[in-house]
Amino acid sequence: MQPSRIAVAGASGLIGSALVRSLTADGHEVVRLVRRVPRGEGEVRWDPEGGTVDTAGLAGCDVVVNLAGAGVGDRRWTEAYKARIRSSRVHGTTALAKAVASLDVPPRVFVNGSAMGYYGETGDRVVDESAPPGAGFLPEVCVEWEAAAAPAQEAGVRTVFTRTGLVVARGGGAWGRLFPLFKAGLGGRMGDGRQYWSFIALHDEVAAIRFLIDTDGLSGPFNLTAPAPLTNREITEAMGRVLHRPTVFAVPAPVLRTVLGEMSGDVLGSQRVVPKRLLEAGFTFAFPGIEEALKAAV
């Protein structure tokens, strides 16, 4: 890919910051969307909740990537925080999609974040991008989140949805909390450990986003998960092997429900999601296995 001008919303997050580092290392010009007053030419102001974007700052961008949204695992799910999770994604995507559609020369691709939460509880059933949305809060949010990109699609912009799994990284997300516990010897399975966790190494997450940007003709939803999901018990055992720590402290399901509230369903639920479309398009994972992904993170 020739050096391009690429706008990124959510550039300070776990995935966004890694993507920005990767793009700038390869000579691309990255424009960060920020909520405060911009501090230089490399920043553009937007207000995702208010629905406004400085469209002049997006002029000349070949690509717009939207990874913004309140963290799903950052806080207990009160009704107020659930509303924030939903609005930060839906309103922000609507604002960016409308801004993209309004440009005299729109970008060639709009990459909009989504999540494997789209599928809800899948149990042992393997699901790919052809599966319908599940039931519950997260599937409802993901459906609205993706639908909010309609203005960009209607303007003829190639639009991609990245349904991301659990990102294996030290700096944030689920594993940002798991690594310290396991290193302290306090790690263990959650509930009965039979629930499937669909993971992806941070390196592969970024590489997949860049692959989707660079590959013309790819649009619609793509699952960003490693090819072979594992159960929580299998992942727990792998954590113990890689970190050389015991994994005897199982956390009973009732305790998780008490501590996490409604969010416990996301931890105890089973999602066996596979990246069928990504593999069919020719993407190659650098860290397809959990031990490889863990070693890359530590």
Side-chain angles (χ1 to χ4, degrees), residues 6-26 28 30-36 42-43 48 65-76 81 84-85 88-89 92 111-117 138 162-187 190 197-213 223-226 229-230 232 235-236 238-245 247 260 263 266-267 271 275 285-298:
I6 300 174
V8 180
S12 62
L14 173 66
I15 299 169
S17 57
L19 177 63
V20 168
R21 287 194 299 271
S22 175
L23 291 170
T24 54
D26 285 345
H28 298 289
V30 176
V31 177
R32 298 168 175 81
L33 274 73
V34 297
R35 293 172 175 81
R36 52 173 170 72
E43 296 183 342
V65 180
N66 178 26
L67 301 172
V72 170
D74 288 357
R75 299 183 189 176
R76 187 182 177 89
Y81 195 66
R84 183 180 170 194
I85 288 172
S88 65
R89 285 161 174 75
V111 177
N112 196 65
S114 187
M116 69 174 183
L138 286 180
T162 54
R163 293 177 181 169
T164 296
L166 298 170
V167 179
V168 183
R170 287 179 301 174
W175 258 274
R177 297 186 177 190
L178 289 177
F179 274 123
L181 287 174
F182 276 80
K183 286 182 177 179
L186 300 176
M190 298 184 182
W197 280 16
S198 297
F199 64 91
I200 184 169
L202 179 59
H203 176 280
D204 284 332
E205 172 77 12
V206 171
I209 293 173
R210 295 195 56 176
F211 177 83
L212 294 169
I213 289 172
N223 294 335
L224 269 55
T225 59
L230 297 172
N232 172 258
I235 288 174
T236 295
M239 291 279 283
R241 289 193 299 271
V242 171
L243 297 176
H244 307 292
R245 293 291 189 275
T247 56
L260 300 178
M263 189 172 65
D266 199 37
V267 174
Q271 293 190 299
F285 285 82
F287 304 101
I290 187 61
E291 292 202 23
E292 298 162 286
L294 290 169
K295 289 174 182 177
V298 298

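For clarity, every value in this text was computed on a predicted model and none was experimentally measured. Along the sequence shown, residues carry numbers from 1.
- When side chains are defined from C-beta on, H28 counts as touching R210, because their heavy atoms get closer than 4.5 Å.
- Qualifying side chain to side chain donor-acceptor pair (under 3.5 Å) partners for S114, counting only residues two or more places apart in sequence or in other chains: E146.
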Verdict with reasoning, L212 to L224, per side chain to side chain contact (heavy atoms under 4.5 Å, CB included): CA-CA 11 Å; L212 294 169; L224 269 55; 4.1 Å; yes
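- For the residue pair A70 and S88, the shortest heavy atom distance occurs at N-OG, 2.9 Å.
- For the pair L202 and V168, the minimum side-chain heavy-atom distance is 4.5 Å or more.
- Looking at residues two or more places apart in sequence or on another chain, you find a side chain to side chain contact (heavy atoms under 4.5 Å, CB included) between L178 and W175, F182, M190, W197, M239.
- Although no hydrogens or angles enter the test, the distance criterion places a donor-acceptor pair under 3.5 Å between the side chain of R245 and the main chain of K183.
- Exactly one of L67, L19, T162 qualifies for a side chain to side chain contact (heavy atoms under 4.5 Å, CB included) with V111. That residue is T162.
- The side chain to side chain donor-acceptor pair (under 3.5 Å) search around R89 returns none, not counting sequence neighbours.
- Every residue meeting the side chain to side chain contact (heavy atoms under 4.5 Å, CB included) condition with R241, not counting sequence neighbours, appears here in chain and number order: E237, A238, E291.
- You'll find the side chain of F199 reaches within 4.5 Å of the side chain of I235, heavy atoms only.
- Here I6 contributes atom CD1 and R32 contributes atom CZ; the two are 12.0 Å apart, rounded to the nearest 0.5 Å.
- In this structure, the side chain to side chain contact (heavy atoms under 4.5 Å, CB included) partners of R21, at least two apart in sequence or on a different chain, are S17, A18.
- Side-chain atoms of V65 and I213, non-hydrogen and from C-beta on, do get closer than 4.5 Å to each other.
- Residue A226 comes nearest to P288 through the heavy atom pair CB-O, 3.5 Å, listed as atom of the first residue, atom of the second, then distance.
- Rounding to the nearest 0.5 Å places CD1 of I209 at 6.0 Å from CD1 of I15.
- Of all heavy-atom pairs between L14 and A169, the closest is CD1-CB, 3.9 Å.
- Of all non-hydrogen atoms in M116 and G165, the two that sit nearest each other are SD-CA, 3.6 Å.
- Residues satisfying the side chain to side chain donor-acceptor pair (under 3.5 Å) criterion with T164, sequence neighbours excluded, are E205.
- For N66, the side chain to side chain donor-acceptor pair (under 3.5 Å) partners at least two apart in sequence or on another chain are T93, N112.
- A heavy-atom distance below 4.5 Å is found between the side chains of I200 and F285.
- No side-chain heavy atom of L33 sits under 4.5 Å from any side-chain heavy atom of V8.
- Listed by chain and residue number, R36 satisfy the salt bridge (Lys or Arg N to Asp or Glu O under 4.0 Å) test with E43 (two or more places apart in sequence, or in another chain).
- The main-chain N or O of Q271 is found under 3.5 Å from a side-chain atom of S198 such that the two form a donor-acceptor pair.
- Here the side chain of R170 pairs a donor or acceptor atom with the backbone of A297 at under 3.5 angstrom.
- Considering only residues two or more places apart in sequence or on other chains, S12 meets the side chain to side chain contact (heavy atoms under 4.5 Å, CB included) condition with none of them.
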